[in-house]
Enquirer: 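Got a structure for you, questions after.
In what follows, every chain begins at residue 1, and chains take the letters A, B, ... in the order their sequences are listed.
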Protein chains: 2
Amino acid sequence: MRKDIHSSAIPVICRECEARHGGICSVLEPDELLRLGRQARRREVPAGTELISAGVPVDTFANILSGVVKLTKLLPDGRQQIVGLKFAPDFLGRPFAEASNVSAVAASTVRLCVFPRSDLEDMAQRSHAFEHRLHTQSLRELDDAREWLMILGQKSASQKLASFLLLLGTHIDPRVAGFSNVIDLPWTRSDIAEFLGLTMETVSRQLAHLRNAEVISIEKNRHVTVLDQAALRAEAGL
Amino acid sequence: MRKDIHSSAIPVICRECEARHGGICSVLEPDELLRLGRQARRREVPAGTELISAGVPVDTFANILSGVVKLTKLLPDGRQQIVGLKFAPDFLGRPFAEASNVSAVAASTVRLCVFPRSDLEDMAQRSHAFEHRLHTQSLRELDDAREWLMILGQKSASQKLASFLLLLGTHIDPRVAGFSNVIDLPWTRSDIAEFLGLTMETVSRQLAHLRNAEVISIEKNRHVTVLDQAALRAEAGL
DNA sequence: CGCCACGTTGAGAAGCCTCAATGCAGGTGG
DNA sequence: CCACCTGCATTGAGGCTTCTCAACGTGGCG
């Protein structure tokens, strides 16, 4: 394994990077990684930062190293709907299109590895494996989106909340392989409501309901512990 | 343009085929088309035919030549949600996965061009352009799915119906480039309800509402004519 | 003709939203 | 140090939308 012995071949910025494992960089050869890595820059942004604006051209892409990014769409009347969540080591940006038709907003403090759009598209053109990897992520996002369609279309408020907590438990901490019973919500009640197509008040009431049923416990509003995972699944209609 | 002069180089089955233009076959070179075309078979199925079952491995892919295919997901309690619609010249099947996690059902009489899964994956591996084309379709499906998320998450029953009719008007007839004012619904009221996350009765009432407002006219239950497209857009919240 | 599937219409119930009051914690200035 | 403000969360009351349940129409077909 030359590429591991000669670790100098790996850009400094890429060492200890999660995207090198599960992310899109995982399929790159050392020389390709070097080329992309030369242009890459680390960036840390606070919650609320708008990373991509719907319809506005962006000339960068990014890997998410930690944190949660929400994808939102805006209706002409001002209402907003969250259409997806991205976690490490997902990548951010819309390949092969000038601009995305969704906005991306940091939903927590987010660490990113940013690189120029042109480099990514060059790489996609040069490396079939790289484009394949991008394709795979798109397909996974499609599956996720359809899962959410199911939830938004068919479920009651309590089922939506339970499904949401289950999703978070399996994604929010990239270090935990399976399900994490401890969830620090990076969102306000309004944010959660937006994601689930509910109102803030309904979210609050349903959380209270889950707490009263001793399925979860809540501390300091944001810190949730799942006490009874089976009950939570039942509540989600699974 | 040798490939057009020597039309004998194009498989008989591929002549006059819509998928050769907008579809995935459009990026294939004549010799590649020949290889894929040799294995391809035309098939026509009636409405209701299950083309793909969620979780069941399938070893074929298909281009849709005409008709509408609905993608559905099933909840454990038996409720169903339509998570997508496919029109000609979309292709059908989940690349790079044994089985899809959605079911595909013919929503009208559907004509297909079916070919083996292995051939498609070979082609995707061999031809970067072909994989890129598949990727592009996946990205478009992702955009569509997110559009529906918006609709299901935020809109009232009448807005959902209006959005649905607008979608159909722009997709249902592949021969019409823009918006078709005449829509022959290939579905029952229950099917529409399923797609929109509503009940049959609500769909019926909202259609009656649009008819009374003289935005649409309805004949023989299935045949809808859009009388006032601007009013329909307003109703959809656009 | 009568059956059956699909569609329409109505009345009442349920769920969620809207509006409004209150609670609670963290930060700021007197 | 405390009073106040502000943003987020909770709780309650009432209303609106949609669902549920049920009756009735309608068109196609044996």
Enquirer: Could you tell me how far apart A/His209 (NE2) and D/dG12 (P) are, to the nearest whole angstrom?
Expert: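 After rounding, the gap between these two atoms is 15 Å.
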Enquirer: Round to the nearest Å and state the distance from B/Asn212 atom CG to C/dT8 atom C1'.
Expert: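 Nearest whole value for this atom pair: 12 Å.
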Enquirer: Just checking, is any N or O donor in the side chain of A/Ser163 or A/Lys155 under 3.5 Å from an acceptor N or O on the other one?
Expert: yes
Enquirer: For B/Glu214, I'd like to know if atom CD has over 12 heavy atoms of other residues, nucleotides or ligands within 6.0 Å.
Expert: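 Atom CD in B/Glu214 is not crowded, with 12 or fewer foreign heavy atoms closer than 6.0 Å.
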Enquirer: Quick one, A/Val102 and A/Ile52 - any side-chain contact, counting heavy atoms below 4.5 Å?
Expert: no
Enquirer: C/dT8 phosphate, OP1 or OP2: any side-chain N/O from B/Asn221 under 4.0 angstrom?
Expert: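 For B/Asn221, the contact criterion (side-chain N or O under 4.0 Å from OP1 or OP2 of C/dT8) is met.
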Enquirer: Counting only side-chain nitrogens and oxygens, does B/Arg222 get under 4.0 Å of the OP1 or OP2 atom of C/dG7?
Expert: yes
Enquirer: What is the distance, rounded to the nearest whole Å, between atom CZ of B/Arg189 and atom C1' of C/dT9?
Expert: 14 Å
Enquirer: Please pick, from D/dC8, D/dT11, C/dG26, the nucleotide with the shortest atom-to-atom distance to any side-chain atom of A/Ser204.
Expert: D/dT11
Enquirer: How many Å lie between CG on A/Leu196 and C1' on C/dC17, as a whole number?
Expert: 15 Å
Enquirer: Distance alone, cut at 3.5 Å: any donor-acceptor contact between the side chains of B/His135 and A/Ser138?
Expert: yes
Enquirer: Starting at NE2 of B/His223 and ending at P of C/dG7, how long is that distance when rounded to a whole Å?
Expert: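 That distance rounds to 16 Å.
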Enquirer: Ignoring hydrogens and angles, state whether a donor on the side chain of A/Thr60 or A/Arg117 is under 3.5 Å from an acceptor on the partner side chain.
Expert: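 Checked: A/Thr60/A/Arg117 side chains show no N/O donor-acceptor pair below 3.5 Å.
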Enquirer: Using atom CG of B/Asp191 as one end and atom C1' of C/dC6 as the other, report the distance to the nearest whole Å.
Expert: 11 Å
Enquirer: Provide a list of protein-nucleic acid N or O atom pairs under 3.5 angstrom, restricted to nucleotides 18-23 of chain D.
Expert:
| unit_1 | atom_1 | unit_2 | atom_2 | d |
| --- | --- | --- | --- | --- |
| D/dT18 | OP1 | B/Ala157 | N | 2.6 |
| D/dC19 | OP2 | B/Thr199 | N | 3.4 |
| D/dC19 | OP2 | B/Thr199 | OG1 | 3.1 |
| D/dC19 | OP2 | B/Thr202 | OG1 | 2.4 |
| D/dT20 | O4 | B/Arg205 | NH2 | 3.1 |
| D/dC21 | N4 | B/Glu201 | OE2 | 3.0 |

Enquirer: Under 4.0 Å between a side-chain nitrogen and a carboxylate oxygen: does that hold for A/Glu235 and A/Lys160?
Expert: no
Enquirer: Roughly how many Å is it from CG in B/Leu161 to P in C/dG7, rounded to a whole number?
Expert: 13 Å
Enquirer: Is the shortest distance from a Lys or Arg side-chain nitrogen in B/Glu219 or B/Arg211 to a carboxylate oxygen in the other one below 4.0 Å?
Expert: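 Result for this pair is no, no salt bridge flagged.
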Enquirer: Atom CD1 of A/Ile218 to atom C1' of D/dC8: distance rounded to whole Å?
Expert: 14 Å
